[in-house]
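Proteins get letters first, then strands, A, B, ... in listed order; numbering begins at 1 in each. Worth saying up front: this structure is predicted, and the values here are computed from it rather than measured.
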2 protein chains.
Amino acid sequence: MVTRTKPVSALVLLAAVAFAPVPAARAANDPLPSWNDTAPKQEIVAFIARVTKEGSAGFVPLLERIAVFDNDGTLWAEQPLYFQALFVFDRIKVLAPQHPEWKEQEPFASVLKGDVKSALAGGEHALMEMVMATHAGMTTVEFEKIVSDWIVTAKHPKTGKPFTKMVYQPMLELLAYLRANGFKTFIVSGGGIEFMRPWTERVYGIPPEQVVGSSVKVKFEMRDGKPVLVRQPELNFFDDKEGKPVGIQTHIGRRPIAAFGNSDGDLQMLQWTTAGEGARFALLVHHTDAEREWAYDRESHVGKLDKALDEGNTRGWTVVDMKNDWKIVFPE
Amino acid sequence: MVTRTKPVSALVLLAAVAFAPVPAARAANDPLPSWNDTAPKQEIVAFIARVTKEGSAGFVPLLERIAVFDNDGTLWAEQPLYFQALFVFDRIKVLAPQHPEWKEQEPFASVLKGDVKSALAGGEHALMEMVMATHAGMTTVEFEKIVSDWIVTAKHPKTGKPFTKMVYQPMLELLAYLRANGFKTFIVSGGGIEFMRPWTERVYGIPPEQVVGSSVKVKFEMRDGKPVLVRQPELNFFDDKEGKPVGIQTHIGRRPIAAFGNSDGDLQMLQWTTAGEGARFALLVHHTDAEREWAYDRESHVGKLDKALDEGNTRGWTVVDMKNDWKIVFPE
């Protein structure tokens, strides 16, 4: 029973290494051309060499090469607000005609006036209310279409670029480099799982089944003899902080050997990953580049990086200084 | 961004087809040697031919070739009781010294007396009580070890075989055949997700991240400076009936094109799978072989097959008559 299937998996992954097409950018045999030759790049390359060298003490079998990535602030930008919050505001504007009561009702009234600050004054409770009003009540198929349509048309308020162009080129290279070395790459994000799935395969090469995120409850129903899944206005799972290792266990069922994040929301994921035996890798993206991107950490209302930075420094995790370690930030 | 990663996935899967080693049993180019040349085999082969032929109307791109399998009664046997229930009884016996009160307390007292019928007289409530008493309170790492130890030592009460030898040889061939044609194979079972994960890769070639099942809640904690995930005595998700399409959406995030089951618990999964556009395949294993396995359907207390059989007949789903369609049932 064993021998029938195992060799296929191994060969598949070996084939990936052998046949991975070489993009123009790494023609010079550099898998990470957008990274300066500073400590983070050297540490990544050394880790990959260590876990892929058969017979070495750090060798990790192909099937156990699991890498997890936070999304907001790690794979794409998250300023001035999580992009999903901007999606929520856009949806409130689209849905407003069906909700005349929103004109008088906070936090919706502030969103409709374009007053983001007041809209968010109600904190997590207000945000959750807006998420439920915009992310539930439709089928999963309908929601997927809403997200798919939004992601190709919406523009970032500061740069005017589509959000999928505000992904980090060095991280795209890192994803490809890991996969070329037999890693299975997963997203583990506080963001909505169904907000990411419609585009992560196209943008990151990460298929829907390798996306872990927050979710609302979903209910199976028959409508006119056809089965549908209806999104309910009730939180199912919050994939942040202590939730991230739980999300990893639920979806992946084994401990990753490498984890990539940028905020205190990723701390427990990095703790969980590095607490396993054998070779382990943890990396934090530190946003230090106010010119090419944004500079923020301990005091930020979005992507706060405080405790995780201290722990990263203490425990020798790799910390990317965006300004000094990345040649370019966004693609092109 | 797209071009960097997509070709790798495609090549990986193509390579799997090209390089999949040919087991001795299918030397004669028959991928399903344990299947008689009756309708089910012909329908499977025709479906695979249809979805893999580029340019044909039924062609399905590699990344969308998702197949889902129920476990109990579909991949391995489930009589006289779900094997996980036998695991529960064994755990109760092991844990009894730490629970002197169980001697007087139902349903535990009956289990300890070996009276399974009385133990199960309390129905779902009693079963859930026993599951929580035996599946919670320990860390995920500890539970994995408990299952791993049990699965290699426990024996089936009737056949005396290890449970992992009571898997269906024709279904093992089917799993391998699908994978050789670029399918990603998932388990979607009412059984416990962490009861299956420790052995599904070895037995079925299905890695932990492709196993969907029922679960208890899990909590992240730091113990002596080390992170652990502690299993809580509270149901998190019940992956049966209406739950199966929900589990599929949560874990896979796209609709399968092929689904395999054997009971009314699989009905909604087959409905959900076949309601998608394009080529679809649904199969029910009908247990008709009292001699080599068991014969049961509409009246069975385990794996009841009633509504799903009617709907399968009406809608033209493939129904395997185990006695007539399978040359052998178990391996060897």
Once you round to the nearest 0.5 Å, how far does [atom1] of [X] lie from [atom2] of [Y]?
X        : Y        : atom1 : atom2 : result
A:Ile252 : B:Arg197 : CD1   : CZ    : 9.0 Å
B:Glu209 : A:Ile66  : CD    : CD1   : 4.5 Å
A:Leu229 : B:Trp272 : CG    : CH2   : 4.0 Å
B:Met269 : A:Phe220 : CE    : CZ    : 11.5 Å

Check whether [X] gets within reach of chain A through its side chain, its backbone, both or neither, counting any heavy atom under 4.5 Å.
X        : answer
B:Thr274 : neither
B:Phe186 : side chain
B:Val228 : backbone

More than 12 foreign heavy atoms under 6.0 Å from NZ of A:Lys226: is that the case here?
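No, the 6.0 Å shell around NZ holds no more than 12 heavy atoms from other groups.
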More than 12 heavy atoms of other residues, nucleotides or ligands under 6.0 Å from NZ of A:Lys145: is that the case?
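It does not: A:Lys145 NZ has 12 such atoms or fewer within range.
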Would you mind checking which part of [X] comes under 4.5 Å of any heavy atom in chain B, side chain (CB onward), backbone (N, CA, C, O), both or neither?
X        : answer
A:Lys184 : side chain
A:Thr140 : side chain
A:Glu221 : neither
A:Ile193 : side chain

Between B:Glu201 and A:Leu63, is there a side-chain heavy-atom distance shorter than 4.5 Å?
yes
Run the side-chain hydrogen bond (donor to acceptor under 3.5 Å, both in side chains) test on B:Glu194 and A:Gln249 for me, step by step, so that the C-alpha distance in whole Å, both residues' side-chain angles and the decisive distance to 0.1 Å come before the verdict.
CA-CA 9 Å; B:Glu194 304 299 357; A:Gln249 182 64 32; 2.7 Å; yes
State, to 0.1 Å, how close B:Pro208 and A:Gly253 come at their nearest heavy-atom pair, and which atoms those are.
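It is CB-O, 4.0 Å.
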Electrostatic pair B:Arg254-A:Glu144, nearest N-O below 4.0 angstrom
no
Pick whichever of B:Lys244, B:Met222, B:Lys217, B:Gln271 has the most heavy-atom pairs under 4.5 Å with chain A.
B:Gln271
Interface check, chain B: of A:Lys241, A:Arg255, A:Gln210, A:Gln268, most non-hydrogen pairs under 4.5 Å belong to A:Gln268
